[in-house]
Trainee: 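Input: one structure, supplied below.
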Amino acid sequence: MEISIVGSGYVGTTVAACFADLGHTVMTIDIDEQIVDQLNHGKAPIHEPELDELINIYGGNQLTATTDYAAVRDTDITFLALPTPSNADGSIDTSAIEASARTLGEALAAKDGSHQVVVKSTVVPGTTEDVLYPLLNEAADKETDQQIDVAMNPEFLSQGTAVTDFQTPDKIVFGTQTDRATQLLTDVFEPLIAESSPAVVETGIREAEMIKYANNAFLATKISLINELGNLCKEYGVDAYEVATAIGLDDRIGKQFLRSGVGWGGSCFPKDTRALIAAADEVNYEPSLLEAAVEVNEKQPKRLLDLLEKHVDVSDRQIAVLGLAFKSGTDDIRGSRAVPTIEGLQERNADIVAYDPVAIEHMRETFPDIDYAESAAAALNGAHGAVVVTDWDEFSALDAEFDQMTTPVVVDGRRVITRQDDIIYEGITW
Ligand SMILES: NC(=O)c1ccc[n+]([C@@H]2O[C@H](COP(=O)([O-])OP(=O)(O)OC[C@H]3O[C@@H](n4cnc5c(N)ncnc54)[C@H](O)[C@@H]3O)[C@@H](O)[C@H]2O)c1
Ligand SMILES: O=c1ccn([C@@H]2O[C@H](COP(=O)(O)OP(=O)(O)O[C@H]3O[C@H](CO)[C@@H](O)[C@H](O)[C@H]3O)[C@@H](O)[C@H]2O)c(=O)[nH]1
């Protein structure tokens, strides 16, 4: 099929590459000329395992990029992968997706017949039908029988494993209002369904929008619950990871997302939990549990620093921050727990030396005035203490590097450090 995708960020680029790999011809549209240029030259604009290879194969041929929305007219279906960031009150800022819908509608005015638009962005229930549908159709100004149809197909990929997640999903959700939309989406995903047999959920548009938020709210709350239990375990001298492994054997609980630590970050959990809380406020519902999940999450970086301060006065002392990305496998620092950790260290007047294998350049934009090291070893050399914020594999291999610290105090927020002899080692929940 001929598919267009508007927005070439983490979701848009991954989906574009994977659709091309399924045999479709893909046209991507973005306002950022540099991204467009990179894609056309076979280069991935973001750091994501396996993506470079796919973009290298398809970029510039089966997958082409442009800034011109007119390109959508040559395609059968358009996916919107635009950002939906937080407003100050936590609600979603739909300005980018609304602006895009208007431009898309205007471009589709010159297309004969109807067109299928599918929202992949995370939007609160009602956005697709009540906001985007009218915008698209007002801009397109088509005959009644040629109205642009909308559908919602939420995305569940995780950064760092985006390509694999997209190629082997647990489920695919089609939120539609017409049989034609369901059929078109089935045609798009048919090769993937044949290959990996995911559950296919056919539902309404509002349900699809809510499924995405419910999914993320559940996972974020699950981590906050294990963090709360973990904090309690630590007080009792109990290893939270042993407890988590045992409770995870109960199928009703499940093994995944039970890694306690310095908390959840990323571009989705913080934004989506806040959006759901703000949406609840709109309908006068008080989401106490979600609010508590956020509260627990916000406290974890402080707990990490309190543990550090148990052993070392950080003021005017070199403190190593190991890991800046919000999780391993990505250079994304959005919502990273490294941000409040660094802020807390700054408030305590520490001399921060931070290291991450791929995310330093992004963090430098947020914290231009702290020092960055080229390796974990360099960050640890001479440090009075270290905090581990991201679960990069390479931190597990650290050993003699700790001997180069002035005082070897290591507070692990992710349970990745394996050397624990002859250093002062604290796990956040163990
Ligand atoms: N990042 C994830 O892991 C993930 C996973 C599932 C769902 N989501 C959701 O998907 C959506 C996109 O997220 P993302 O992380 O890919 O965002 P992103 O910020 O990485 O990418 C968005 C892209 O849209 C482009 N853009 C902005 N305005 C535009 C316009 N008017 N026309 C064309 N292009 C425009 C930007 O230049 C950028 O390249 C969000 O709603 C997010 O919540 C994200
Ligand atoms: O047991 C765990 C699992 C994760 N995390 C943290 O939780 C955050 C989010 O991790 P993860 O969910 O793996 O990454 P994301 O890329 O943010 O993916 C989430 O957000 C995406 C955007 O909505 C969804 O599509 C995915 O399904 C959902 O997992 C990270 O800071 C992790 O360190 C923990 O602390 N403990």
Side-chain angles (χ1 to χ4, degrees), residues 4-16 28-36 38-39 45-46 48 65-69 79-86 92-104 119-124 127 153-162 165-166 169-171 209 212-213 215-220 222-227 230 241 244 248 254-273 275 297 300 323 325-330 332-338 389-391 413-416 428-429:
S4 46
I5 301 178
V6 187
S8 305
Y10 284 88
V11 171
T13 304
T14 306
V15 174
T28 63
I29 294 143
D30 202 288
I31 46 174
D32 187 323
E33 285 181 11
Q34 198 186 339
I35 290 178
V36 166
Q38 279 177 292
L39 285 168
I46 52 162
E48 193 60 52
T66 177
T67 54
D68 187 359
Y69 274 72
F79 288 81
L80 299 183
L82 280 312
T84 48
S86 300
I92 52 165
D93 173 358
T94 50
S95 56
I97 197 162
E98 286 188 41
S100 173
R102 246 178 249 115
T103 318
L104 180 59
V119 176
K120 241 202 189 302
S121 301
T122 303
V123 292
V124 292
T127 310
N153 167 229
E155 181 50 58
F156 300 99
L157 63 78
S158 295
Q159 287 175 223
T161 49
D165 288 348
F166 187 86
D170 298 329
K171 61 179 176 291
E209 290 169 325
K212 175 65 196 174
Y213 279 104
N215 216 93
N216 275 357
F218 203 98
L219 292 172
K222 186 174 182 185
I223 301 169
S224 278
L225 179 56
I226 199 66
N227 282 342
Y241 273 70
K255 292 186 178 62
Q256 295 193 56
F257 276 63
L258 287 180
R259 294 194 319 275
S260 52
V262 68
W264 36 269
S267 65
C268 294
F269 286 175
K271 164 175 87 73
D272 295 349
T273 44
N297 197 51
Q300 290 308 91
F326 82 88
K327 62 185 275 195
S328 57
T330 179
D332 197 344
I333 59 152
R334 292 180 285 182
S336 170
R337 299 293 79 196
V389 184
T390 313
D391 54 349
R414 294 290 180 196
R415 190 133 164 154
V416 287
I428 188 167
T429 59

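Read the numbers this way: they start at 1 and go in the same order the structure lists the ligands and their atoms.
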Trainee: Using distance alone, decide if ligand 1 has a nitrogen or oxygen within less than 3.5 Å of any nitrogen or oxygen in Val11.
Mentor: yes
Trainee: Going by the atom numbers of ligand 1, which of them fall below 4.0 Å from some non-hydrogen atom of Gln159?
Mentor: 1 (N), 2 (C), 3 (O)
Trainee: With a 4.0 Å heavy-atom cut-off (strictly under), which part of Gln34 contacts ligand 1: side chain, backbone, both or neither?
Mentor: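 It is neither; nothing of Gln34 touches ligand 1.
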Trainee: Consider ligand 1: state whether an atom of it lies below 4.0 angstrom from any non-hydrogen atom of Arg334.
Mentor: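 Checking ligand 1 against Arg334, which is what was asked, there is a heavy-atom contact under 4.0 Å.
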Trainee: Testing the 3.5 Å rule here: is there a donor-acceptor pair between the side chains of Asp93 and Ser95?
Mentor: yes
Trainee: Donor-acceptor pair, distance only, cut-off 3.5 Å: does the side chain of Thr14 make one with the backbone of Tyr10?
Mentor: yes
Trainee: Would you sort out whether Thr28 and Thr13 count as a side chain to side chain contact (heavy atoms under 4.5 Å, CB included), showing the intermediate values?
Mentor: CA-CA 8 Å; Thr28 63; Thr13 304; over 6 Å; no
Trainee: Under 3.5 Å between any N/O of Glu155 and any N/O of ligand 1: does that happen in this structure?
Mentor: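 Looking only at distances, the answer is no, because the N/O contact criterion of under 3.5 Å is not met.
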Trainee: Using a 4.0 Å cutoff against the non-hydrogen atoms of Lys212, which atoms of ligand 1 qualify?
Mentor: 6 (C)
Trainee: Strictly under 4.0 Å, does any heavy atom of Tyr69 approach an atom of ligand 1?
Mentor: yes
Trainee: For the 3.5 Å polar cut-off, considering only N or O atoms, please tell me whether Thr122 and ligand 1 meet it.
Mentor: yes
Trainee: Between Ser224 and Asn297, is there a side-chain donor-acceptor contact under 3.5 Å, judged purely by atom types and distance?
Mentor: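 Not at all, the side chains of Asn297 and Ser224 share no donor-acceptor pair under 3.5 Å.
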Trainee: Does any N or O atom in Tyr10 lie less than 3.5 angstrom from one in ligand 1, N or O only?
Mentor: yes
Trainee: Under a 3.5 Å cutoff, is there a donor and acceptor pairing between the side chains of Gln159 and Ser267?
Mentor: yes
Trainee: Tell me if the CG atom of Asp68 is crowded by more than 12 foreign heavy atoms within 6.0 Å.
Mentor: yes
Trainee: Restricting to ring-ring contact (aromatic ring centres under 6.0 Å, His included), what partner residues turn up for Tyr241, sequence neighbours left out?
Mentor: Trp430
Trainee: Any atoms of ligand 1 less than 4.0 Å from a non-hydrogen atom of Ser267? List them with their elements.
Mentor: 1 (N)
Trainee: Short N/O distance, under 3.5 Å, between Thr84 and ligand 1?
Mentor: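 Thr84 vs ligand 1: N/O contact under 3.5 Å present.
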Trainee: So, Glu209 side chain and Thr122 main chain: donor-acceptor pair closer than 3.5 Å or not?
Mentor: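 No, because the side chain of Glu209 does not come within donor-acceptor range (under 3.5 Å) of the backbone of Thr122.
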Trainee: What protein heavy atom sits nearest atom 18 (P) of ligand 1, and how far off is it?
Mentor: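 Result: Gly9 CA, 3.9 Å.
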Trainee: Checking the N or O distance criterion of under 3.5 Å, is ligand 1 in contact with Asp30?
Mentor: yes
Trainee: Of all the atoms in ligand 1, which lie at a distance below 4.0 Å from a heavy atom belonging to Ser8?
Mentor: 23 (C), 39 (O)
Trainee: Side chains of Val36 and Ser8: does their closest heavy-atom pair fall under 4.5 Å?
Mentor: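 No - every pair of side-chain heavy atoms lies 4.5 Å or more apart.
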Trainee: Taking atom types as modelled and ignoring hydrogens, do the side chains of Tyr69 and Ser4 form a donor-acceptor contact shorter than 3.5 angstrom?
Mentor: no
Trainee: Test your reading of the model: is there a side-chain donor-acceptor pair from Ser121 to the backbone of Leu82, 3.5 Å cut-off?
Mentor: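 Yes.
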Trainee: Is any side-chain heavy atom of Glu48 closer than 4.5 Å to one of Leu157?
Mentor: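 Answer no - side chains too far apart.
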Trainee: Sub-3.5 Å donor-acceptor pair from the side chain of Thr103 to the main-chain atoms of Ala99, do we have one?
Mentor: yes
Trainee: Going by the atom numbers of ligand 1, which of them fall below 4.0 Å from some non-hydrogen atom of Leu157?
Mentor: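 The list of qualifying atoms is 3 (O), 5 (C).
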Trainee: At under 4.0 Å between heavy atoms, which part of Leu82 makes contact with ligand 1: side chain, backbone, both or neither?
Mentor: both
Trainee: Around atom 43 (O) of ligand 1, find the nearest protein heavy atom and jot down its residue, atom name and distance.
Mentor: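 Minimum-distance protein heavy atom for atom 43 (O) of ligand 1 reads Lys271 NZ, 2.7 Å.
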Trainee: Just let me know how Ile35 lines up against ligand 1, side chain, backbone, both or neither, with a heavy-atom cut-off below 4.0 Å.
Mentor: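 Near ligand 1, Ile35 shows its side chain, while the N, CA, C and O stay back.
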Trainee: With hydrogens left out, which residues have an atom under 4.0 Å from ligand 2, given that only heavy atoms count?
Mentor: Glu155, Phe156, Leu157, Ser158, Gln159, Lys212, Asn216, Ile223, Phe257, Leu258, Arg259, Gly263, Trp264, Gly265, Cys268, Phe269, Asp272, Phe326, Lys327, Arg414
Trainee: Under a 4.0 Å heavy-atom limit, does Cys268 contact ligand 1 with its side chain, its backbone, both, or neither?
Mentor: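 For Cys268, the contact with ligand 1 is made by the side chain alone.
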Trainee: Note the single closest protein heavy atom to atom 28 (N) of ligand 1, along with its residue, its atom name and the distance in Å.
Mentor: Ile31 CD1, 3.5 Å
Trainee: What I'd like to find out is whether the side chain of Lys271 reaches to under 4.5 Å of the side chain of Thr84, using heavy atoms alone.
Mentor: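 A side-chain contact exists here, since the closest heavy-atom pair is under 4.5 Å.
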Trainee: Under 3.5 Å, is there a donor-acceptor pair between the side chain of Lys327 and the main chain of Asp391?
Mentor: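 Judged by distance alone, no pair lies under 3.5 Å.
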Trainee: Among Gly160, Pro83, Gly7, whose heavy atom sits nearest atom 22 (C) of ligand 1?
Mentor: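 Residue with the shortest heavy-atom distance to the ligand atom: Pro83.
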Trainee: Can you find a heavy atom in the side chain of Asp170 that is under 4.5 Å from one in the side chain of Phe156?
Mentor: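 No, side chains not in contact.
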